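Contents: one structure, followed by commentary.
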Amino acid sequence: MSHIHALVEERGLDAQTVADRFDLTASQVYHALAYYHDHPEEMRAVEERRRELQATAEEDPRIVTCSEDAPESS
């Protein structure tokens, strides 16, 4: 939901554009935005957890965060 919020309300993308990108309906995008705004403490906690995980990953080179970090398979 925070990703949808960021795309629509921070980047200014149209709800239908976001819906098309994620195979959603515009109604689902608006429901996600409503949930985001109706549950601010939960959204803050989710964002804080994401920041904690990111900081941990930056400190530990063994943690894979994207495909470029993954070891090549043989």
Side-chain angles (χ1 to χ4, degrees):
M1 277 170 249
S2 62
H3 188 65
I4 289 174
H5 170 264
L7 291 172
V8 175
E9 296 186 0
E10 294 174 15
R11 291 191 54 205
L13 294 179
D14 179 71
Q16 188 60 55
T17 300
V18 174
D20 293 343
R21 285 188 184 179
F22 295 100
D23 195 28
L24 301 169
T25 64
S27 177
Q28 289 171 314
V29 170
Y30 287 119
H31 281 284
L33 292 171
Y35 188 93
Y36 179 91
H37 289 290
D38 286 343
H39 300 88
E41 286 121 23
E42 180 183 348
M43 295 298 108
R44 277 192 293 276
V46 167
E47 183 58 28
E48 179 59 29
R49 180 67 179 140
R50 187 194 67 74
R51 281 192 295 271
E52 290 170 0
L53 291 171
Q54 184 177 4
T56 300
E58 289 173 0
E59 294 170 3
D60 187 344
R62 296 171 296 162
I63 297 176
V64 175
T65 58
C66 63
S67 60
E68 290 84 27
D69 294 341
E72 291 187 30
S73 57
S74 327

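Any value given below was found using the heavy atoms of this structure, including those in side chains, with hydrogens, waters and symmetry copies removed. Computed from a prediction, not measured in an experiment: that's the story for all the values here.
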To the closest 0.5 Å, what do you measure between CG (Asp14) and CD (Gln16)?
7.0 Å

What's the verdict on salt bridge (charged side-chain N to carboxylate O under 4.0 Å, His left out) for Arg51 and Glu47, showing C-alpha distance, side-chain angles and the deciding distance?
CA-CA 6 Å; Arg51 281 192 295 271; Glu47 183 58 28; 3.4 Å; yes

Specify the closest pair of heavy atoms between Ala19 and Ala26, including all atoms of both residues, with the distance to one decimal.
CB-N, 3.7 Å

Taking NE2 in His31 as the centre, count heavy atoms belonging to other residues, nucleotides or ligands within less than 6.0 Å. Is the count above 12?
no

Shared hydrophobic cluster for Met1 and Tyr30 (ILVMFWY, side-chain gaps under 4.5 Å):
no

Provide the closest heavy-atom pair for Val8 versus Ala15 in the form atom of the first, atom of the second, distance.
CG2-CA, 4.4 Å

What are the two closest heavy atoms between Pro61 and Glu59, and how far apart are they?
CD-O, 3.6 Å

Might you work through the salt bridge (charged side-chain N to carboxylate O under 4.0 Å, His left out) test for Arg49 and Glu52, ending with a clear yes or no?
CA-CA 5 Å; Arg49 180 67 179 140; Glu52 290 170 0; 3.6 Å; yes

Looking only at heavy atoms, what is the nearest atom pair of His5 and Leu33, with distance?
CA-CD2, 3.5 Å

Test side-chain contact (heavy atoms from CB on, under 4.5 Å) on His37 and Glu9 and set out the steps.
CA-CA 11 Å; His37 289 290; Glu9 296 186 0; 2.8 Å; yes

Tell me whether Asp23 at atom CG has more than 12 heavy atoms from other residues, nucleotides or ligands lying less than 6.0 Å away.
no

Worked check of side-chain contact (heavy atoms from CB on, under 4.5 Å) between Leu13 and Arg21
CA-CA 11 Å; Leu13 294 179; Arg21 285 188 184 179; 3.5 Å; yes

Once you round to the nearest 0.5 Å, how far does CZ of Phe22 lie from NE2 of His3?
3.5 Å

Derivation of the side-chain contact (heavy atoms from CB on, under 4.5 Å) call for Leu7 and Val29:
CA-CA 10 Å; Leu7 291 172; Val29 170; over 6 Å; no

Atom pair CZ/CD of Arg44 and Glu42 - distance to nearest 0.5 Å:
11.0 Å

